[in-house]
Amino acid sequence: MEAPVDLDQIGGLRRLKFWLEQRRESLSDEAIKFGLEPPRGVLMLGVQGAGKSLAAKAVATAWQRPLLRMDVGALYDKYIGESERRLREALRQAEQMAPIVLWIDEIEKAFASAASQSSDGGLSKRMFGTLLTWMQERTAPVFLIATANDIEALPPELLRKGRFDEIFFVDLPDLDARRAIFQIHLNRRKHDAKQFQP
């Protein structure tokens, strides 16, 4: 799906959009030179199809920053130590490209077995530990957006204060949000939204 040009192209999500709008210039060279600490990122939890992925794409285009999507599943390798090396390399590349928006979609699936006794010899826990350490210690202006559908599958360490700046719940749209969504889609198709009943 094509990324929206800005956050106004998404119906609903008022709190998230307000929070992001306040931090629009936070990854700019001016902000960094001034000594402002860039925001670390957000975790968006919610039901499937509620717009989390669309919002992640919109942040990058609204902030005019590159969007890098990390496919954690592609990092796993059959050789010992190779998966962790690939993850560290991917994170290093993200830092070299900074300032950027780094998006990890459905993070609970990528590290699901890190929260329980796994049969992968502890690989998921080591991978997850590498990610947590990077999240805590990074200094490069990499804004991390993680999305998740199932909060119960998330390891509790991920939700600890300091990993993300904020955690947002993305619910199904209410009546006002649905009206806004319809209006966005009708305008995109060059129809007058006033001619349609909500």
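Note: hydrogens, waters and symmetry copies are ignored here, and every other heavy atom, side chains too, is used. Count residues from 1 along the sequence. From a predicted model like this one, the values you see are computed outputs, not experimental measurements.
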Minimal heavy-atom distance between Asp171 and Ala50, with the atoms involved, is O-CB, 3.6 Å
CH2-CG distance between Trp103 and Asp71, expressed to the nearest 0.5 angstrom: 10.5 Å
Separation of Arg40 CZ from Met135 CE (nearest 0.5 Å): 8.0 Å
Before you tell me yes or no, could you show the steps for Leu45 and Val170 under side-chain contact (heavy atoms from CB on, under 4.5 Å), namely the whole-Å CA-CA distance, both residues' side-chain angles and the distance that decides it to 0.1 Å? CA-CA 6 Å; Leu45 301 167; Val170 181; over 6 Å; no
Counting only heavy atoms not in Gln93, do more than 12 fall under 6.0 Å of its CD? yes
Within 6.0 Å of CZ in Arg15, more than 12 heavy atoms from elsewhere: no
What's the shortest heavy-atom distance between Ala31 and Ser26, and which atoms? CB-O, 3.8 Å
Taking Val142's backbone N and O only, do any of them form a donor-acceptor pair with Arg138's side chain (distance below 3.5 Å, no angle check)? yes
Where is the tightest heavy-atom contact between Ile100 and Arg65, given as atom of each residue plus distance? CA-CB, 4.3 Å
Between Asn149 and Lys109, a side-chain donor and acceptor under 3.5 Å: no
Could you go through Val42 and Leu144, starting from their C-alpha distance and side-chain angles, then the distance that decides it, and tell me whether this counts as side-chain contact (heavy atoms from CB on, under 4.5 Å)? CA-CA 6 Å; Val42 295; Leu144 177 63; over 6 Å; no
So how far is it from Leu159 CG to Ile151 CD1, rounded to the nearest 0.5 Å? 5.5 Å
Cation-pi, Trp19 ring and Arg23 (6.0 angstrom, 45 degrees): yes
Would Glu25 and Trp63 count as having a side-chain donor-acceptor pair, cut-off 3.5 Å? no
Would you say the side chain of Val101 lies within less than 4.5 Å of the side chain of Leu68, judging by non-hydrogen atoms? no
Measuring from Leu102:CG to Leu91:CG, what's the distance to the nearest 0.5 Å? 7.0 Å
Crowded around Gln22 CD? As in, over 12 foreign heavy atoms under 6.0 Å? yes
Backbone of Glu106 reached by a side-chain donor or acceptor of Thr147 within 3.5 Å: yes
Salt bridge or not between Arg24 and Glu21? Use side-chain N to carboxylate O under 4.0 Å. yes
Does a side-chain N-to-carboxylate-O contact under 4.0 Å join Glu157 and Arg160? no
Which atom names give the shortest non-hydrogen contact between Met70 and Ala90, and what distance separates them? CE-CB, 4.1 Å
Taking the side chain as every heavy atom from C-beta outward, state whether Leu27 and Phe143 have any atom pair closer than 4.5 Å. yes
Looking at every heavy atom in both Met44 and Ala56, which two are closest together, and how far apart are they? CE-N, 4.0 Å
Look up atom CZ in Arg163 and atom CG in Leu132, then write down how far apart they are to the nearest 0.5 Å. 4.5 Å
Go through the steps for Leu158 and Ile107 under the test side-chain contact (heavy atoms from CB on, under 4.5 Å), then give the verdict. CA-CA 10 Å; Leu158 189 66; Ile107 193 169; 4.0 Å; yes
Tell me if the CD atom of Glu30 is crowded by more than 12 foreign heavy atoms within 6.0 Å. no
Contact check, side chains of Leu43 and Leu154, non-hydrogen atoms, under 4.5 Å: yes
Over all heavy atoms of both residues, which pair between Pro99 and Pro66 is shortest? Give the atoms and the distance, please. O-CD, 3.6 Å
Using the rule given for side-chain contact (heavy atoms from CB on, under 4.5 Å), can you reason through Arg126 versus Phe128, listing the C-alpha separation, both sets of side-chain angles and the distance that settles it, and then say yes or no? CA-CA 5 Å; Arg126 291 193 306 274; Phe128 186 62; over 6 Å; no
More than 12 heavy atoms of other groups within 6.0 Å of Arg14 CZ: no
Roughly how far apart are Gln48 CD and Asp150 CG, rounded to 0.5 Å? 9.5 Å
Salt-bridge contact Arg85-Glu82 (side-chain N to carboxylate O under 4.0 Å): yes
Return yes if some donor-acceptor pair links the side-chain N/O of Lys52 with the main-chain N/O of Val47 below 3.5 Å, else return no. yes
